[in-house]
Amino acid sequence: DVKVTQSSRYLVKRTGEKVFLECVQDMDHENMFWYRQDPGLGLRLIYFSYDVKMKEKGDIPEGYSVSREKKERFSLILESASTNQTSMYLCASRESQVHGYTFGSGTRLTVV
Amino acid sequence: GQQLNQSPQSMFIQEGEDVSMNCTSSSIFNTWLWYKQDPGEGPVLLIALYKAGELTSNGRLTAQFGITRKDSFLNISASIPSDVGIYFCAGLANTGNQFYFGTGTSLTVIP
């Protein structure tokens, strides 16, 4: 089974801090995604990547950036955390365009 | 981005009852997925549908790809307490690169 591992389950950060959320998958998938999940809004795509060093903006990229230096690792960066970025962040990977995503367990980020 | 309309938003049912939920879109999709998310965890794929009219089962779960290709349905028979969670649909358009997700149906099963 594909495993997608997010480095932290819970994080508390201060407003203005630079925050790194790490995601690693172990099945050599080329496609990786970052979503945020908020009550009543479902899952919204922040950024995705189809290959190393490649990134594409999703629906809500403002305030975020990403890094994909190695195929197995996809990092989400909050350049200057704000309270409206308090959310559950989910990383996912998939084998190809028609395959479903495999999700990590999520990182619940609180910005105070 | 596109959002799928998923209903109902929440359900409270007695153990043993059957459950039905659905997802609709204004766009035609080529693939429909159904996920379940347990509290504090990431979503887990339950069923994938690839053809209009397709009916697929996974244990007590059955999902259907609507013939209009704009909707999908998930049924759970004889619910049990471990069915509790949030169920999400997701759809992939013909020209799309990403799946779009519904807003989720929160299921509570009362023993």
Side-chain angles (χ1 to χ4, degrees), chain A residues 1-10 21 23-25 27 29-51 54-62 87-109, chain B residues 1-10 21 23-25 27 29-52 54 56 58 61 63 65 69 72 74 85-106:
Chain A
D1 281 350
V2 177
K3 195 168 181 184
V4 178
T5 304
Q6 293 183 233
S7 55
S8 304
R9 293 297 297 269
Y10 300 95
L21 303 184
C23 176
V24 176
Q25 50 95 3
M27 281 297 288
H29 286 177
E30 291 186 348
N31 302 173
M32 296 189 75
F33 303 80
W34 274 106
Y35 284 86
R36 65 176 281 177
Q37 181 180 19
D38 300 288
L41 296 177
L43 278 71
R44 293 180 292 166
L45 182 63
I46 305 171
Y47 266 97
F48 60 102
S49 170
Y50 287 148
D51 205 347
M54 180 255 158
K55 60 186 178 185
E56 296 264 357
K57 292 181 180 179
D59 298 320
I60 52 163
E62 295 78 21
S87 186
M88 172 73 130
Y89 289 88
L90 291 164
C91 175
S93 74
R94 71 177 179 191
E95 183 178 344
S96 72
Q97 190 167 342
V98 297
H99 284 84
Y101 301 153
T102 299
F103 284 92
S105 297
T107 296
R108 186 163 292 283
L109 173 67
Chain B
Q2 182 160 177
Q3 206 157 55
L4 307 182
N5 296 313
Q6 190 171 344
S7 65
Q9 198 169 17
S10 62
M21 59 189 78
C23 205
T24 61
S25 167
S27 301
F29 285 145
N30 285 346
T31 301
W32 283 97
L33 308 175
W34 284 93
Y35 284 87
K36 183 196 176 198
Q37 185 177 25
D38 290 327
E41 298 293 331
V44 173
L45 183 64
L46 298 173
I47 294 177
L49 302 159
Y50 299 105
K51 288 184 187 177
E54 181 180 355
T56 298
N58 178 4
L61 278 63
F65 194 139
R69 295 168 66 191
S72 181
L74 177 69
I86 302 177
Y87 291 79
F88 289 99
C89 61
L92 178 69
N94 185 36
T95 56
N97 296 322
Q98 57 163 303
F99 282 90
Y100 289 97
F101 285 82
T103 49
T105 295
S106 175

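All heavy atoms count here, side chains included; hydrogens, waters and symmetry mates do not. In what follows, chains are A, B, ... by sequence order, proteins preceding strands, each numbered from 1.
Remark: B:Tyr87 pairs with no residue by the ring pair (Phe, Tyr, Trp, His ring centres under 6.0 Å) rule, at least two apart or across chains. Contacts of A:Arg108 classified as salt bridge (Lys or Arg N to Asp or Glu O under 4.0 Å), with partners at least two apart in sequence or in another chain: none. With sequence neighbours excluded, the residues satisfying ring pair (Phe, Tyr, Trp, His ring centres under 6.0 Å) with A:Phe48 are A:Phe33, A:Tyr50.
Distance check, rounded to the nearest 0.5 Å: CZ of A:Arg94 to CG of B:Leu92 gives 6.5 Å. If you take CG on A:Leu45 and CZ on B:Phe101, they are separated by 9.0 Å, rounding to the nearest 0.5 Å.
Closest approach of A:Leu41 to B:Thr103, counting heavy atoms only: C-CG2, 4.2 Å.
Within residues 31-38 of chain B, the residues having any heavy atom closer than 4.5 Å to a heavy atom of chain A are B:Thr31, B:Leu33, B:Tyr35, B:Gln37, listed by residue number.
For the pair A:Tyr101 (side chain) and B:Phe99 (backbone), a donor-acceptor distance under 3.5 Å is present.
Of the listed residues (B:Gly104, B:Ser106, B:Gly42, B:Pro43), the greatest number of heavy-atom pairs within a distance under 4.5 Å of chain A belongs to B:Pro43.
Side-chain atoms of A:Arg9 and B:Glu41, non-hydrogen and from C-beta on, do get closer than 4.5 Å to each other. Here the side chains of A:Phe103 and B:Val44 are not in contact, with every heavy-atom distance at 4.5 Å or above.
Contact annotation for A:Gln37: only side-chain heavy atoms (C-beta onward) come within less than 4.5 Å of a heavy atom of chain B.
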